[in-house]
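Single-structure report; data block below.
Keep in mind the model is a prediction, meaning the values are calculated, not measured.
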Amino acid sequence: MLKIEGKAKINLTLDILGKRPDGYHEVAMIMQSLALHDTLSLEKAREGIGLKINVPWMKADESNLVWKAAALVQERCGLKGGVNIHLTKRIPVAAGLAGGSADAAAVLRGMDRLFGLGLSDEELCALGAELGSDIPFCLMGGTMLSTGRGEVLRRLKGMPTAWVVLAKPRVSVSTAWAYQNYDEQGAERHPDNDLVEKKIIAQDLKAMVPLLCNVLESVTIKKYEVIERYKKLMMEKGALVSMMSGSGPTVFGLTAKKSEALRIAGFLRHVTRADVFVTRTSGCGTRFV
């Protein structure tokens, strides 16, 4: 048996460059791994796939991305043996934090080691990209520029360590809906990824944070005003920046000190109904434990 962590992510920037002939959107975004993670235990079995999850309402069948990742490795690598997987969820579900992608990435990496397949990072990322655009990033982790439909990665210098407050409103946002509405309205402000990268290279957190931008915010906030409210509350309480991650609905705030993050989180738990987490930035993606 082996154990592996799948890390959550936030988008420091998210820009949409247009729609592609294949129906996906061309994106350019700087992604950042978090210490917040799910844990997966993998063990060889005689045949098939067994999946257990500590969240009773989550489907543990062929529709789950974890199952799909295991099945893809079995098919492509001609595995005759099966695998039993136990998933311990900590990353909130449908939150814009890539929890499902992180779990799938962990399965790909874990099965490679469990069965001694010897797959390269490039091969694992190619498999991951077949299942979801965020999975290659979740495999590699750290601080990366993500382009194409999200699967083309370039590693950046790790951003300065920051503490992260996450507040997930009790609403669900459809990624497809967010992108469709963006196509109709666009955005007034777009991130300058080159300039953000320069500030990361300089390790200047305070100069970096005003440049962070997510073009989907204006779309999602129009329908879910609670996102704007959480952003304002974080800023009022001293966050360096507050922004929506991915297509939402989770809002994150960055601070330089853990004590500041804990103070903001405590306030949010008192005045909102959000699911609130405190974590920090991380320099890696999937990790064996």
**Prompt:** Would you say T281's side chain and A162's backbone share a donor-acceptor pair under 3.5 angstrom?
**Reply:**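 At least one qualifying donor-acceptor pair exists.
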
May I ask you to decide whether [X] forms a salt bridge with [Y], counting only side-chain N to carboxylate O separations under 4.0 Å?
X    : Y    : value
D22  : R20  : yes
R76  : E130 : yes
R90  : E5   : no
R189 : D15  : no
K89  : D103 : yes

**Message:** Please verify the inter-ring angle class for H25 with Y179; under 30° counts as parallel, over 60° as perpendicular, anything in between as tilted.
**Reply:**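 Geometry flag for Y179 against H25: tilted rings.
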
Step through the shown structure and confirm whether more than 12 heavy atoms of other residues, nucleotides or ligands are within 6.0 Å of [atom1] on [X].
X    : atom1 : value
R269 : CZ    : yes
R46  : CZ    : no
E47  : CD    : no
E62  : CD    : yes
F288 : CZ    : yes
R263 : CZ    : yes
E188 : CD    : no

**Request:** Would you check if there is a donor-acceptor pair between the side chains of S282 and K7 at a distance under 3.5 Å?
**Result:**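 Yes, because at least one side-chain N or O of K7 sits under 3.5 Å from a partner of the opposite role on S282.
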
**Asked** Does any donor atom in the side chain of N54 or H86 lie under 3.5 Å from an acceptor atom in the other side chain?
**Response**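 Side chains of N54 and H86: no pair found under 3.5 Å.
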
**Prompt:** Any cation-pi pair here, K223 with W177, using under 6.0 Å and within 45°?
**Reply:**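 Satisfied, under 6.0 Å and within 45°.
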
